[in-house]
There are 2 protein chains.
Amino acid sequence: MLSIGDLSKRTGVKVPTIRYYEQMGLLAAAERSEGNQRRYARQDLERLAFIRHARDLGLDISAIRELIALSQHPHQPCGNVDRIAADHLKSVRDKIEKLKKLEEELERIVTRCDGDHSIEDCYVIRSLSDHGLCDSEH
Amino acid sequence: MLSIGDLSKRTGVKVPTIRYYEQMGLLAAAERSEGNQRRYARQDLERLAFIRHARDLGLDISAIRELIALSQHPHQPCGNVDRIAADHLKSVRDKIEKLKKLEEELERIVTRCDGDHSIEDCYVIRSLSDHGLCDSEH
DNA sequence: CTAGATATCTCCAGAGACTATAGGTTTGGA
DNA sequence: TCCAAACCTATAGTCTCTGGAGATATCTAG
């Protein structure tokens with residue numbers, strides 16, 4: 001049996017975060033030692049690794065909760081699982097698109113500023129003040 | 001003079017958000033009507049548009065606070081302004097990089113799932129469970 | 001001028017996903 | 001056996017808003 005600290009070291013998830021996941025219902029309430037400390041078995045380690053991996057991929061807590069619930073019915077068809085992942089892929093793509101537009105605009109703003117003139121004339125400040133200087137909508 | 005609702009309509013910033021910006025020190029405390037309601041002048045409109053624009057670009061409140069402070073000394077050189085914008089550009093680029101890696105991995109996971117088999121065998125679930133199935137580090 | 005509708009005021013709580021602190025208890029090794 | 005490290009619970013804070021409650025102000029129609 002692993003202590004919460006052991007589990008933390010093995011998964012890279014911080015101790016308070018593990019307790020938080022338990023509170024949020026992603027991890028089952030752990031067994032306890034005689035002195036009331038949490039003790040974990042291998043399944044808990046796997047479950048936490050699953051959660052960690054899903055979080056790293058940017059899935060939010062409620063999506064993960066749903067995936068866990070689905071994974072406990074292994075003989076059902078996996079359409080919902082696929083949908084969750086595909087939806088998330090779409091939202092990641094949307095975010096990338098938005099950030100690329102930001103990148104372009106920031107680039108445009110920054111490259112017109114040599115950092116060596118007065119704030120009064122600074123393109124960065126002027127761009128922020130005047131939306132009309134933007135190329136694209138946002 | 002504009003009411004807070006007028007200002008909201010003109011800038012697209014919600015009323016409670018305007019009050020929040022005032023509380024955070026981005027907007028000066030507004031003048032008040034006899035009945036204690038906020039009244040805004042044209043400068044406030046411009047300032048709020050500046051804030052909105054900077055937020056749309058992803059700059060955080062403290063960066064905006066700093067930019068506003070700098071913009072009030074128009075005769076100083078603009079090196080710091082440039083630095084804030086350039087730092088932000090870098091962080092946007094970093095975010096894009098990370099998201100692209102996620103995109104790749106999610107794509108890989110999703111395309112191997114046809115949504116038409118059992119959860120037991122689902123590649124999405126298996127990928128999340130087993131980090132070893134990933135192509136790249138993350 | 002007054003009634004009623006709309007807008008505003010302040011204060012407080014909640015969102016999401018943690019993170020940190022305080023004050024106390026248990027555990028593991030020398 | 002003793003002590004430091006790890007653990008426990010409970011609570012509050014992070015960041016950027018957003019929404020609600022209950023009270024007050026302003027505007028419009030009659």
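Each chain gets a letter, A, B and so on, in the order the sequences are listed, and its residues count up from 1.
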Among pairs that include at least one residue of residues 20-31 of chain B, which meet side chain to side chain donor-acceptor pair (under 3.5 Å), considering only residues two or more places apart or in two chains?
Glu22(B)-Arg38(B)
What is the distance, to the nearest angstrom, from the [atom1] atom on [X] to the [atom2] atom on [N]?
{"X": "Gln23(B)", "N": "dT14(D)", "atom1": "CD", "atom2": "P", "value": "13 Å"}
{"X": "Glu34(A)", "N": "dC8(D)", "atom1": "CD", "atom2": "C1'", "value": "16 Å"}
{"X": "Arg32(A)", "N": "dC7(D)", "atom1": "CZ", "atom2": "P", "value": "12 Å"}

side-chain contact (heavy atoms from CB on, under 4.5 Å) partners for Glu97(B), two or more places apart:
Lys100(B)
Can you sort out the partners of Asp87(B) under side-chain contact (heavy atoms from CB on, under 4.5 Å), two or more places apart, ordered by chain and number?
Arg83(B)
Only pairs under 3.5 Å count here: list side-chain donor-acceptor contacts from residues 68-79 of chain B, not counting sequence neighbours, and write none if there are none.
{"residue": "Ser71(B)", "atom": "OG", "partner": "Ile68(B)", "partner atom": "O", "Å": "2.8"}
{"residue": "His75(B)", "atom": "ND1", "partner": "Glu120(A)", "partner atom": "OE1", "Å": "3.4"}

Its 5'-most and 3'-most nucleotides having an atom under 4.0 Å from a non-hydrogen atom of chain B, DNA chain C is contacted over dT8(C) to dT10(C)
Using a strict heavy-atom distance below 4.0 Å, which residues from [range] are in contact with DNA chain D?
{"range": "residues 2-13 of chain B", "answer": "none"}
{"range": "residues 59-69 of chain A", "answer": "none"}
{"range": "residues 87-100 of chain A", "answer": "none"}

Please confirm whether the backbone N or O of Ile61(A) pairs with a side-chain atom of Arg55(A), one donor and one acceptor, at under 3.5 Å?
no
Are the side chain of Thr11(B) and the backbone of Leu48(B) linked by a donor-acceptor contact shorter than 3.5 Å?
no
Report the residues that fulfil salt bridge (Lys or Arg N to Asp or Glu O under 4.0 Å) with Arg93(B), sequence neighbours left out, ordered by chain and then residue number.
Glu103(A), Glu107(A)
Contacts of Lys90(A) meeting salt bridge (Lys or Arg N to Asp or Glu O under 4.0 Å) (sequence neighbours excluded), chain-then-number -> Asp94(A)
Scan for salt bridge (charged side-chain N to carboxylate O under 4.0 Å, His left out) pairs involving residues 5-20 of chain A, sequence neighbours excluded, and state none if there are none.
none
Rounded to the nearest 0.5 Å, the CD1 atom of Ile119(A) sits from the CD1 atom of Ile125(A) at a distance of 6.5 Å
DNA chain C nearest-nucleotide lookup for Tyr21(A) and Gly35(A): closer to the 5′ end is Tyr21(A)
Please list each protein N or O that sits under 3.5 Å from an N or O in nucleotides 18-23 of chain D, with the distance.
{"residue": "dT18(D)", "atom": "OP2", "partner": "Thr17(B)", "partner atom": "OG1", "Å": "2.9"}

For residues Ser3(A) and Gln37(A), determine if any side-chain heavy atom of one lies less than 4.5 Å from a side-chain heavy atom of the other.
no
